[in-house]
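Here the structure is laid out as structure tokens; the discussion comes afterwards.
Numbers here simply count residues along the sequence, with the first being 1. Since we're looking at a predicted model, the values are computed, not measured.
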Amino acid sequence: MRGPAGLPLPLPLVVAVALAAAAVMVVEARFVVEKNSLMVTSPTSLRGRHDSAIGNFGVPQYGGSMAGTVVYPKDNADACEAYDGDRHFRAKPGALPNFLLIDRGNCLFAKKVWNAQNAGASAVLVVDDKDEPLITMDLPREDDEAAKYIQNITIPSALIDKKFGEQLKKAIKDGEMVNVNLDWREAVPHPDDRVEYELWTNSNDECGPKCDMLMNFLKEFKGAAQLLEKGGYSQFTPHYITWYCPQAFVVSKQCKSQCINHGRYCAPDPEQDFSTGYEGKDVVVENLRQLCVFQVAKESKKPWIWWDYVTDFHIRCPMKDKKYNKKCAETVIKSLGLDVKKVDKCMGDPNADSDHPLLKMEQDAQIGKGSRGDVTILPTLVVNNRQYRGKLERKAVLKAICAGFEETTEPNVCLSDEMETNECLNDNGGCWQDKAANVTACRDTFRGRVCECPTFNGVQFKGDGYSNCEPAGPGKCLINHGGCWHETRNGKTFSACQESGNGKCQCPAGFRGDGVKKCEDINECKEKKACQCRECSCRDTWGDYECTCSGDLLYIKEHDTCISKTAVQGKAAWAAVWGILIVLVVVAAGSYVVYKYRLRSYMDSEIRAIMAQYMPLDSQGEVPNHTNDEEHH
């Protein structure tokens, strides 16, 4: 028996863990197989949808689909041996990719897929050799050699049931072309604009290729994870698997060295040797510390600091350097600005004979709920309550997380260059394009290209995105003149684009046409539309005309007439005289008004002063009377 990290458990603990696992599994044990849809498009007799179980290695195309032709090898049908020839199953240029159909049995699933990939296959369909429910193809923990090359598997793989597989084989044998479509678009639910995902991990860094893969993933994915979390696009939660020792084994040496809280929370010995190195309880304590770091960081509204801690701890406090301890961990915590005392308080006493609230919640969470099965494999990634199947690699995992967003709500990190399908590079993806203005409706996403009228330089384009996109609203004439006719000659530009009005293209004054493809210059002279007075001489220009008058006459364009210059000068003189007179009248009237106002104010003040000598005013006190005073004297 082995632990979650792939380490064999000591014999006494095997019994203990087996009993504990049995006790847990009785409650609600089940393993959910993550599936994708396989659609047969030809031959007609097999057309329809079938389930297939996603392999737990390679790179499933989450959020997308892949069409291909099914090929069944004449020799080496189980793909347990390398195929002869370089890229034996590689598709020819212009043809659909080849999906290799192979039989189950005789060797590891991973080895079959590895050999198929080296032979040029784009995907692998493994036919079950038993009539049974579909299972998840995974890597056995005991095969270290397979663990090394499995990291290089980049094609998707799936297991199909025996009956369906036999039908595909028969159709191929009968010479029929078998085309299928693998669809991962519903493999991850995508209900809204936020993705919730969790990673079941472990702090043990000495468990072989699996641990190396996990630690490398944490380092590579940290940047993307923190961008998603800081932007509010995701909610991430780390988890850690633990077991418990049954009561009968609590006092045993094995349980004491591998468990805390009196056998309630246990992990296997990292070195599989009780006499040397670190113990299982050291791993449990560090797992708990990492949970508490997440809790404290979450309370400070910075949950993404967990990624910094686990990667820094792995670099600065590895087991091989004998630094996997509390002192080194606290140094990392302090460097990240977290409160060490809060983390210690969260961890509590590992020797206490009581449940720890966090670790108890972790054990309860290991049992599957809803569409998610029990967590039995480390590491395990769960996206929107659906277990991820495939290679634990940055690009593959990011693609699965991005598939969890409702369409059109994906953040920019999902639209980065490395995530794009680059379908727009080929014939602009079949979308609308204005080469002159360098504007296109094609937009690459991880799901494929989208034809959507863009916003360019602040101008919104409207249309179907495929055959038509037209600028609309303010500023539209700045983008290729709004798609209207325009022409420049001798540094002078005319355009049929209108910012206001009904927005339609309309030829400017001096031109006629549809305003879109053509506007022709109107010859005002020839068509007698201007410069028609007797003294006028007309000359047509592009977009306009010039009109001159004979003798000492001046042309007035607004009235299309010629008048004498002296008359114009006389009129200007009279206009100036009248202007001066009007100004003088206004000034005189203003002065008179000011004079009257000041005179009235002066007279009012004089009258008030005279009256104040004979009677008190409201604003003055009573005038004293001295008559009585004289009588007293």
Atom pairs and distances, donor-acceptor, side-chain atoms in residues 430-439, under 3.5 Å, two or more places apart:
unit_1 : atom_1 : unit_2 : atom_2 : d
Asp434 : OD1    : Ala436 : N      : 3.1
Asp434 : OD1    : Ala437 : N      : 3.2
Asp434 : OD2    : Asn480 : ND2    : 3.1

Establish, from distance only, whether the side-chain atoms of Gln290 and Tyr309 form a donor-acceptor pair under 3.5 Å.
no
Rounded at 0.5 Å granularity, tell me how far CG in Asp161 sits from CG in Asp129.
12.0 Å
Taking the side chain as C-beta and beyond, is there a heavy-atom pair between Asn179 and Val70 under 4.5 Å?
no
Residue pairs involving residues 215-234 (criterion salt bridge (Lys or Arg N to Asp or Glu O under 4.0 Å); sequence neighbours excluded)
Lys222-Asp308
Residues in side-chain hydrogen bond (donor to acceptor under 3.5 Å, both in side chains) contact with Tyr197, at least two apart in sequence or another chain
none
Could you go step by step and tell me if Val71 and Ile172 meet the side-chain contact (heavy atoms from CB on, under 4.5 Å) rule?
CA-CA 7 Å; Val71 178; Ile172 295 171; over 6 Å; no
Please walk me through it: do Ile401 and Leu228 pass side-chain contact (heavy atoms from CB on, under 4.5 Å)?
CA-CA 10 Å; Ile401 290 175; Leu228 289 168; 4.1 Å; yes
Taken to the nearest 0.5 Å, the spacing of Lys298 NZ from Gln235 CD works out to 6.0 Å
Of all heavy-atom pairs between His481 and Ser495, which one has the smallest distance, and what is that distance?
ND1-OG, 3.0 Å
Can you list everything that forms a side-chain hydrogen bond (donor to acceptor under 3.5 Å, both in side chains) with Ser203? Sequence neighbours excluded, please.
Asn287, Tyr324
So CG of Asn118 and CZ of Arg90: to nearest 0.5 Å the spacing works out to 13.0 Å
Apply ring pair (Phe, Tyr, Trp, His ring centres under 6.0 Å) to His239 and list each qualifying residue two or more places apart in sequence or on a separate chain.
Trp200
Quick check: closest heavy atoms across Tyr72 and Leu101, and the distance to 0.1 Å?
CD1-O, 3.1 Å
I need the minimum non-hydrogen distance between Ser52 and Leu182, along with the two atoms involved.
OG-CD2, 4.3 Å
Could you pull out all residues at least two apart from Lys518 that satisfy salt bridge (Lys or Arg N to Asp or Glu O under 4.0 Å)?
Glu520
Work out which heavy atom in Pro73 is nearest to a heavy atom in Asn76; give both atom names and the distance.
CG-O, 4.0 Å
Could you tell me if the ring centre of Phe456 sits under 6.0 Å from that of Phe461?
no
Salt bridge check: are Lys169 and Glu166 linked by an N-O gap of less than 4.0 Å?
yes
How would you list, by chain and number, every residue that makes a side-chain hydrogen bond (donor to acceptor under 3.5 Å, both in side chains) with Asp131, sequence neighbours excluded?
none
Residues that Asp128 engages under salt bridge (Lys or Arg N to Asp or Glu O under 4.0 Å), provided they are two or more places apart:
Arg104
Is any side-chain heavy atom of Val180 closer than 4.5 Å to one of Thr41?
no
Does atom CD of Glu81 have more than 12 heavy-atom neighbours from other groups under 6.0 Å away?
no
Apply the test side chain to side chain donor-acceptor pair (under 3.5 Å) to residues Gln363 and Thr242: give CA-CA distance (whole Å), side-chain angles for both, the deciding distance (0.1 Å), then the verdict.
CA-CA 7 Å; Gln363 284 187 343; Thr242 59; 3.3 Å; yes
CG of Leu218 to CZ of Arg394, rounded to nearest 0.5 Å, is 13.5 Å
Tell me every residue that passes salt bridge (Lys or Arg N to Asp or Glu O under 4.0 Å) with Lys462, counting only those two or more places apart in sequence or in another chain.
none
Can you name the ring pair (Phe, Tyr, Trp, His ring centres under 6.0 Å) partners of Phe217, sequence neighbours left out?
Phe221
Residues in ring pair (Phe, Tyr, Trp, His ring centres under 6.0 Å) with Phe164, at least two apart?
His50
Looking only at heavy atoms, which two atoms of Trp243 and Pro268 are closest? And how far apart?
CZ3-CD, 3.8 Å
The reported gap from CE in Met215 to CD1 in Ile315 (rounded to nearest 0.5 angstrom) is 11.0 Å
Of all the heavy-atom pairs spanning Asp464 and Cys453, show the shortest one and how long it is.
N-SG, 4.2 Å
Are Leu168 and Leu46 close enough, and set up right, to give a side-chain contact (heavy atoms from CB on, under 4.5 Å), and what steps lead you there?
CA-CA 8 Å; Leu168 292 178; Leu46 294 178; 4.0 Å; yes
Please report whether the SG atoms of Cys484 and Cys505 are separated by less than 2.5 angstrom.
yes
List the residues meeting salt bridge (Lys or Arg N to Asp or Glu O under 4.0 Å) with Glu196, not counting sequence neighbours, and say none if there are none.
Arg194
With the side chain counted from C-beta on, respond yes when Lys111 and Asn115 share a heavy-atom pair under 4.5 Å apart, and no when they do not.
yes
Working for side chain to side chain donor-acceptor pair (under 3.5 Å), residues Asn98 and Ser122:
CA-CA 6 Å; Asn98 285 327; Ser122 297; over 6 Å; no
Between Trp307 and Phe236, is the ring-ring contact (aromatic ring centres under 6.0 Å, His included) condition met? List the steps.
CA-CA 10 Å; Trp307 292 90; Phe236 169 74; 4.9 Å; yes
Rounded to the nearest 0.5 Å, how far does OH of Tyr240 lie from OG1 of Thr201?
5.5 Å
